[in-house]
Structures are given as C-alpha cells and as structure tokens.
Amino acid sequence: MRLYDPKEIEEKWQKVWEDENLFHVGEDAGKQKYYLLEMFPYPSGRIHMGHVRNYSIGDVIARYKRMKGYNVLHPMGWDAFGMPAENAAIQHGTQPAVWTYDNIAYMKTQLKRLGFGYDWARELATCDVEYYGWEQWVFLKMYEKGLVYRKNAPVNYCKLCSTVLANEQVEDGRCWRCGEEVVQNELTQWFFAITKYADELYEYANKLPGWPERVLNMQKNWIGKSHGVEVDFPLERGGLLRIFTTRPDTLYGVTFMVLAPEHELATELAHATPYEKEVLSFVQKARSQDRSFRLELSGSKEGVFTGAYAINPLTNQRVPIYVSNFVLAEYGTGAIMSVPAHDQRDFEFAKAYGLPIVVTIMPEVGAEDKVIDAASMEAAYEGDGIMVNSGPFNGRQNREAIPEIIAYLEGRGIGKGRVNYRLRDWGISRQRYWGAPIPIIYCESCGVVPVPYKDLPVKLPLDLQIKMVGKSPLSDYPAFYRVNCPTCGREARRETDTMDTFVESSWYFLRYACPGYDQAPLDRKRVDYWMPVDQYIGGIEHAVLHLLYSRFFNRVMHELGFVSVKEPFANLLTQGMVIKDGAKMSKSKGNVVDPDYLIQRYGADTARLFCLFASPPEKDLDWNDKGVEGCYRFLQRVWRLVIERVDTLKETLPTIEQDSASVENKEMSRLVHMMHKTIKKVTEDAERFHLNTAIASIMELVNAIYKFVEVERNDGELRLLKGVIEHLIVILSPFCPHITEELWQAVGNKGYVIDHPWPAYNEAYVQEERVTVAVQVNGKLRDTCEVERDLDETALKQVVLSLEKVKKHLENREIRKVIVIPNKLVNIVCDTN
RNA sequence: GCGAGAGUGGCGGAAUUGGCAGACGCACUGGACUUAGGAUCCAGCGGUUUACGCCGUAGGGGUUCAAAUCCCCUCUCUCGCACCA
C-alpha cells in the first residue's frame, strides 16, 4: 500500500495550483464577492506560528467561501517598511532594501509551502516605489485639504529607536516596539488630522456589529468622547479663565481653580507678585519632568498658589487659582475648576493645601445611609443625588438638572455646551530611513513647498550607508536632501523624515483591489467592487493602532473619492496568541516552534490542522507537540481509509444522492445520517469560525466510516461508502487541501477538489429514524430508551413508564406531571416521600 | 480604581434555544497482533462506592419539572484604560 508522504503530495499540488493559476480572481459582476483579508506580515525573515495560525484560519474561510460559490479575493503582501531592516543593516552591513526583499522571497516560499490559496498577482510590498509613491500623492491631497499639517509640539521620543512615536505607540510610558522609556521632546512634526473624524470614528463604532465588542470598546475608550461645558470664569484682575467640565451640576461647589504648568496664564498671573518666584520654579520643574514621570506621581499632587483669584460666575465668590502637575495641558483647555466635595482628585489637592470644601450634592434618602458633611468627609462624594447650596437648582436631582444648567450658562453668555475628545492628532514624522519620504521641500524664501505631483514619487535612495545616529540618516545624505525649490528654483532642502509605517498599512487593503494601477492610487471601480473587506482576521494587538488608523485613512480615501464605503472592515475576527510553556512564543523565551520544522516533519496539512483544531480562533492556542502528533495520526487514518481500498473505490460509482431506496439496512442509514449531520455541522461551524468543532465532527465521521468498513460490504454498500468518502474529502479540503486533492484524484476524479461545490445536507437525513430519549424522575437521569423519531406523547409515556428502572423509582409514589421534550427527554415529576 | 471577558476531567477543549455534562483530541491503563513497538487495532478512562447509588461545571444562595447555561452575592484569573476634569 502506498504510504502517506506529505512532502511529495504537498509539493505536487502546490505546483499544480500555481501552474494552473487556480487562485487568481477578477471582478465578476455575476458572482457575489467575498473579500477575505488577514493582516499582512512584516518581513522579519521567517514566518512564525502566529502567522501560520492566522493564515490557516483565513485560508479555510477563503476556500470554504469559494466552494460556496463566492468570488473570493484573498490577497497577500508585505508590511515592508520599518526599523528592523535598518537595525539589521547597521548590524550586518547590508542594505535595508536587500535585507527586506530577501526576507520577502523566503517568507513567500514558506507561505507557499503551507498551501495558502492567495492571488499572488496582487502581491505588494509597501516599500515598492509603486506603492509608497501613491501614498505620497495622497499625502499631498491631504495637505491641500488641511488634513496634514506641521506643528511644533512636545512629542514622544524613543532614544533607543531614535525616533518619535505617536500617542498610540506609547504603552505605559514605554515604546511599543522596544520597551524603552519614552521621553518628551519638542520637535516640529507632521500630523494627520485624525481628530477631525473623532466623532465619526466614535459614533460608527456603534455601527459595526461584525466587530468584537472588546475592540470597539478599546477604540471608544481611546477616542474618549465626553460631553460637558466650557465655562468662562472672570479673573479678578480682568480677563477670563476658560475651563472644561463634565460636571456643571457641581459649579456651585467650586472652591479653587487649577492650571496646568504649561497654561499660558500660569506664569502670567503671578507676574510681578510675591508669588512669581515660586510659580516660575514650580512650572520649570514640572516642565522638565516628562509626561510618564509626571503620571507616575499619581497620588502626590503638588501645586502652588499664583496669588490670583477668579470669580465663580454663578456665586460671584472669589476662588484662588493654583498651578499643579495633575492637570493636563493637552486636554480641554488645560485648566479646571475644582470641586473637592465631588471629585476625588480635587479632594486630595484641597486636603493637601487646606482649601475649603463645599458640598452641593447630597445622596438621596435611602440611597446612602449617611448625610455628607464637608468637615468630616474622608473622600469626595462622586455619586448622584439632590443639589444643595446651589441657588435656583436646590432640590433638583443633579443629573436631570445638567441640561438646564448648561442652558442657564449659555443664556448668560458664560458657558457653552461642548464635546471633548481624548484623541490627539496622529504624529507621523519618523526620524528614520526605511520609510516613505514625506514629499515636502523647505525653501528659505517660499517656506513649506509640497513636491509637485509631476515630481512624484520622491524615491528613497537605496545606496547610502546606514549608521546609528540620533537623527534621520537621510539628513546626512546631501544627494537626497539637496534640491531646488519647485516654486522659485533656488536651493532648498527636502524633508528628511519619513512617514510612520502605520500609514502604509492603513490603505494596503484598498490597493489589493487594483494592484499595479498607474493612473491614481486607486481605481474606484474595482475598489468599489471588492470593498468593504468582508472578513478581516488578525491579532488583538492592533485594536487601537492599525485598526483605528485604517478606519481614519479609509475615510480620507472616501473623501478623496476613491472608495464608496466609509468603514473598511465589515467583520473582524481577532485571533488569540500562540502560547507554549505558559508564555507567548518568542526567541527570548526560547519556546518557539519553527514552521519549517513542522512542515518538514509532518507536512503543511498537519501544521494547519493542529492550529485549527487545538482551540477556537479567538482564544489563545496552547502549543502541544503531542497534539500535533494526534493530528498527523488522524490524517494518516484518513489516508489509509481511502488508499487501503483505493482500487475498489475507483471502480465503484458513488451514490451521491442517498435516497431512501438505496439504503438497505440500519448500518447504511446510520452512515447516511452521520454524513449529513457532519456536513451540517461543518457548514454551520465554518460560518461562525468554530473550526475546532468542525474538525472534531469530521473526525467523528471518519470514526463512523471505519466502523462501517469493519465487515465485508456488498455493491450497494460500497457505492454508498464511496459517496460518503467523497463527501468527507470535500469537506476536509479547506482545512487540509493537499491530502484531499490527492485522495480526490486517487478515487478517480478528474477536476480539483477546490473547484467542487460545497455539499448541501438534507435535513431529513440529519435526523435519525430512531432517537435516544433521556428518562428522568424528578429531574434525575434514571434511564434512556431508544424509540422511533416523533413518537407521539402518549405512546412515548407508555414506553417510558414501563421501563424497569423507572418503575422502581416510582414505587409508592404518585405521578404529578410528565414533561416531554420531543425526541430528547421525558421527566416524570412525582411525590418525594 | 473603572471597563470588558473568563473560571468545566490529568491536559487542550465540547455542550446554536435552559433538556443525557465531559463531544473530539492528547495523556494514561488494560488487551490483541508482533522478533520488536514510539506502528496499528480493540476496550476503559470526572470523583466516590462491593453494589443500588451519591457527589460533581471556582464558592455560596435563588428561579425552574429541569441550570455549565438565567438572577443575586463572594473569590480567582486574563485583557484593556487609568489624574482626560
């Protein structure tokens, strides 16, 4: 008998798929499209198990949908700009471009060896000038529309990476990539005006039913929409101090004001007063601390009095103005009103500096058992209640009064309702080489001059030596930055920063729809055929980064007229990590499993099968070498099942339609039932991505077939066997495409299994003719019995009551009622004496 | 602290709607075949009990004829956010 040799058959079919161009797709108005996308990889050198898992899940869905009759777009490409290329260049003296394209070439062979069905004709690498050139084009359009601007601002800077980071790329005060502590630097940077879409990005998060709640919450959290009011507090010495608050219902309880150290009034108010010296030294100290350090001081709120007072516009009382490190300059107006009675932070500050506390909200009677009192309270009361000490609003429920208070403020011209966002604009300048050059020229006489469209692309030079220095390598390379001003022709200087690589990954999914298009970044007709992505699959780690940027960028492309849809990803699946020995697989932990080794030892089908079978896609996958063996064993079992009787099967005409006439005995009807049940289960599980249980049910079918072939079978039975085996091959094929293609051919089929339509199941056969009914007495299982399906209740009761075990449990007891769940369960409720 | 999710055999995990808890696989145990078994096949495999049975889905309470599933309380873990006024 021929042995299962994965290496041989996998190479064979991969070549056939490639030669026959089987996964190439075009737009076809006659078919329903399905765009399936997995997050593209960074070409780091080799793929890891996380990729294998991600792409295996995607490949199953793509193949399944294709067999279902969809026109499936399943592309692959490379997120090819980024720092590792530069670091490798410094370490090994290579060129980032060479390093990157070499890695791409190798990783592509790895993906091919896993048998993923991509349309390679659409492959792109973001470091291709054909790609980033169009990105520069979009940058210029955004510049024209005011969606890109340049400003001097304190930015997050990672010393180790020698570059600036966006807010989203700072985690716990550390660099998302290398973990180095992030410091604040003042630099002139380019920003994308993502905050212009803050509200839309927030609100549409409620219109994405196909996304995990968790991701949407993280995004909403990040955007941080809050409703409140801006209030102008007159300064005693003239002028106004504007603050933002979400709690106008506590305005009557304001006892002081606090400014961020960066607030322009901070030093101004103290100017020429006895407080000036102290304020100046405090502000200087605070400014020298970087943001993460200031945040670490949580709990220790420090501040100084400016010597100035503001007037509470509702009470006309004068309240002192402080400067403190706990107020953020970037949020709201950089100044706050402080209500120590009802805000814990203000309370702590008031206690530390001996400031008065005025209670304006009392807990409602019954809601809290104590009446709060300014003198004795030990923490702020942040809950709701009835307003007191609040002039015309006394006695009102605080939440209900808020809209009226806002109207009251607006009517008197002292405040205005306002929505505030936590989201900041996206800083995209990076002082690195291996990225897309920002298409801008600085001219001493003309200022900031965009590169004319006709001069695009601004090509990244490939022939420079990369040295680790604290500034962009390009700024050391005159051949790049020396340029003549496009406006006046005089000598000028190119921007030497490059774009954040998250810009490239924000629109690659659009470009897949029209690869190679050279008239514009995108070909709207084709983009509209394919967009939105029907199913996006990737890691949770991009919940706010890539996924938020892409939603923003797609909106920009929408406004530029390149795509109709506003939201790029209709459905999102976030797959879990691959864990081994209790930790994420990583080189430093020494717990990596090399995909090449797996393919070499067991074959791609086994590698895929294990990744899919070991746990449901959203959960973390616990790597288990023995589990891999189990999957290999299963495939050998399938192989033997077919190959051991391949000659017979080849000669037998399959019974594809299992009508009742061809079913001669109980074992046949049992097999027919198993087959239809399995098709149904796999179909439903594929639709909801429960791929592990889909595989489990296929295993059950295989077990049932083995049971069926234990004895010699007649012609009719063999015809059924062949039909069932063919169905088995078809439904296993999305998971393990090579072995199934081989077996499909071995049993005598001409075409490819991938071209075979997904089988339908017949509900009539999904149900068995005889069913096992659980029999309970007072809710406890006492026996089971096999009866005809849909047996009427009276007959069923009769059968059940005649069971010996049941009789025993009913002795001397009176039956109160009998509950019957058809074909499932009978529960006899009786006295319990 | 706030928000979200989870807790089921020795392990990974099943259980679309409240209806036989533990599918499928791993590990383990016994057996068959064998020169051999790390191959294959068969049987067993939540705990406890000689057995009938009793107990069992983090713990406690509740609703129900019936709860892993619904409700309340407690504990533990994971993730995200965290002076955002």
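What you see is a predicted model, and the numbers here were worked out from it, not measured in a lab. Only this structure's heavy atoms are used, side chains among them; waters, hydrogens and symmetry mates stay out. Below, chain A is the first sequence line, B the second, and so on; all start at residue 1.
- Within 4.0 Å of N420(A), counting heavy atoms only, lies no atom of the nucleic acid at all.
- Look at G19(B): its Watson-Crick or wobble partner, with both distances under 3.5 angstrom, is C65(B).
- When distances run from any side-chain atom of R688(A) to the nucleotides G19(B), A15(B), A85(B), the shortest one goes to A15(B).
- Set against A23(B), A21(B), G19(B), the side chain of L781(A) has A21(B) as its closest nucleotide.
- Residue R214(A) is in sugar-phosphate contact alone, with no base atom involved, counting any heavy-atom pair closer than 4.0 Å across all strands shown.
- Using Watson-Crick or G-U wobble geometry with both donor-acceptor distances under 3.5 Å, C54(B) finds its partner in G47(B).
- Note on E629(A): nothing from the nucleic acid sits closer than 4.0 angstrom, heavy atoms only.
- At the phosphate of G53(B), neither OP1 nor OP2 sits under 4.0 Å from any side-chain N or O atom of K805(A).
- Base pairing analysis places G37(B) opposite nothing; no Watson-Crick or G-U wobble pair with both distances below 3.5 Å involves it.
- Salt bridge E667(A)/R713(A): present, at least one basic N to carboxylate O contact under 4.0 Å.
- Heavy atoms of D620(A) sit under 4.0 angstrom from primed sugar atoms or phosphate atoms, though from no base atom.
- The interatomic distance linking F634(A) (CZ) with G12(B) (P) rounds to 22 Å, in whole Å.
- With G13(B), C83(B), A15(B) as the candidates, the nucleotide lying closest to the side chain of F326(A) is C83(B).
- No contact: G224(A) has no heavy atom under 4.0 Å from any strand.
- For the pair R816(A) CZ and U64(B) P, the computed distance is 13 Å after rounding to whole Å.
- Distances were taken from every side-chain heavy atom of I821(A) (C-beta onward) to each of A85(B), A23(B), G19(B); the shortest belongs to G19(B).
- Listed here is the closest heavy atom pair of V358(A) and A341(A): O-CB, 3.2 Å.
- At a threshold of 4.0 Å, the pair K681(A)-E700(A) does not count as salt-bridged, since none of the basic side-chain nitrogens sits closer than that to a carboxylate oxygen.
- Between the C1' atom of A21(B) and the NZ atom of K780(A) lies a distance of 15 Å, rounded to the nearest Å.
- Heavy atoms of T784(A) sit under 4.0 angstrom from at least one base atom.
- Backbone-only contact: R633(A) has heavy atoms under 4.0 Å from sugar-phosphate atoms and none from a base.
- Here the side chains of N398(A) and R247(A) are in contact, with some heavy-atom distance below 4.5 Å.
- In terms of heavy-atom proximity, V682(A) sits nearest to S697(A) at CG2-OG, 3.5 Å.
- M674(A) places its CE atom 14 Å from the P atom of A23(B), with the value rounded to the nearest Å.
- Ion pairing between D199(A) and K225(A) holds under the 4.0 Å rule for side-chain N and carboxylate O.
- Not a single donor-acceptor contact under 3.5 angstrom links the side-chain atoms of R640(A) to the base of U40(B).
- Side-chain to base pairing of K301(A) with C83(B): one donor and one acceptor N or O lie within less than 3.5 Å of each other.
- Taking the side chain as every heavy atom from C-beta outward, Y322(A) and F349(A) approach each other to under 4.5 Å.
- When both distances must be under 3.5 Å, the Watson-Crick or G-U wobble mate of C83(B) does not exist.
- Annotated as anti: G53(B), whose glycosidic dihedral deviates from 0 by more than 90°.
- Side-chain contact between L801(A) and L810(A) is present, with at least one heavy-atom pair separated by less than 4.5 Å.
- Within the 4.0 Å cut-off from OP1 or OP2 of C81(B), not a single side-chain nitrogen or oxygen of R422(A) is found.
- When distances are taken from the side chain of Q776(A) to each of G25(B), A85(B), G19(B), the shortest belongs to G19(B).
- Counting non-hydrogen atoms under 4.0 angstrom, S338(A) reaches nothing in the nucleic acid.
- Counting to the nearest Å, the P atom of C81(B) and the CD1 atom of I223(A) are 14 Å from each other.
- Nucleotides C28(B) and G10(B) have their C1' atoms positioned 8 Å apart, rounded to a whole Å.
- The distance between atom OH of Y331(A) and atom P of A82(B), rounded to the nearest whole Å, is 13 Å.
- Nearest nucleotide to the side chain of H809(A), out of G25(B), G53(B), A85(B): G53(B).
- Side chain of F244(A), nearest nucleotide from A23(B), G25(B), A85(B): A85(B).
- OP1 or OP2 of A85(B) lies within a sub-4.0 Å distance of a side-chain N or O belonging to S226(A).
- An OP1 or OP2 oxygen of G25(B) is reached within less than 4.0 angstrom by a side-chain nitrogen or oxygen of N703(A).
- At least one side-chain heavy atom of F326(A) sits less than 4.5 Å from a side-chain heavy atom of D346(A).
- A 3.5 Å limit on both hydrogen-bonding distances identifies G5(B) as the Watson-Crick or G-U partner of C77(B).
- Only the C1' atoms considered, A68(B) is 14 Å distant from G13(B), to the nearest whole Å.
- The side chain of R637(A) contributes no N or O atom lying less than 4.0 Å from OP1 or OP2 of U40(B).
- In this structure, of A85(B), U16(B), G19(B), it is G19(B) that holds the atom nearest to the side chain of L825(A).
- In terms of phosphate contacts, R782(A) brings a side-chain nitrogen or oxygen within less than 4.0 Å of OP1 or OP2 of C54(B).
- Between A58(B) and U76(B), the two P atoms lie 16 Å apart (nearest whole Å).
- Nucleotides C75(B) and C26(B), compared at atom C1', are 31 Å apart to the nearest Å.
- Put simply, the side chain of N827(A) and the base of C65(B) share a donor and an acceptor less than 3.5 Å apart.
- Checking A43(B), A14(B), A27(B) against every side-chain atom of K626(A), the shortest atom distance belongs to A27(B).
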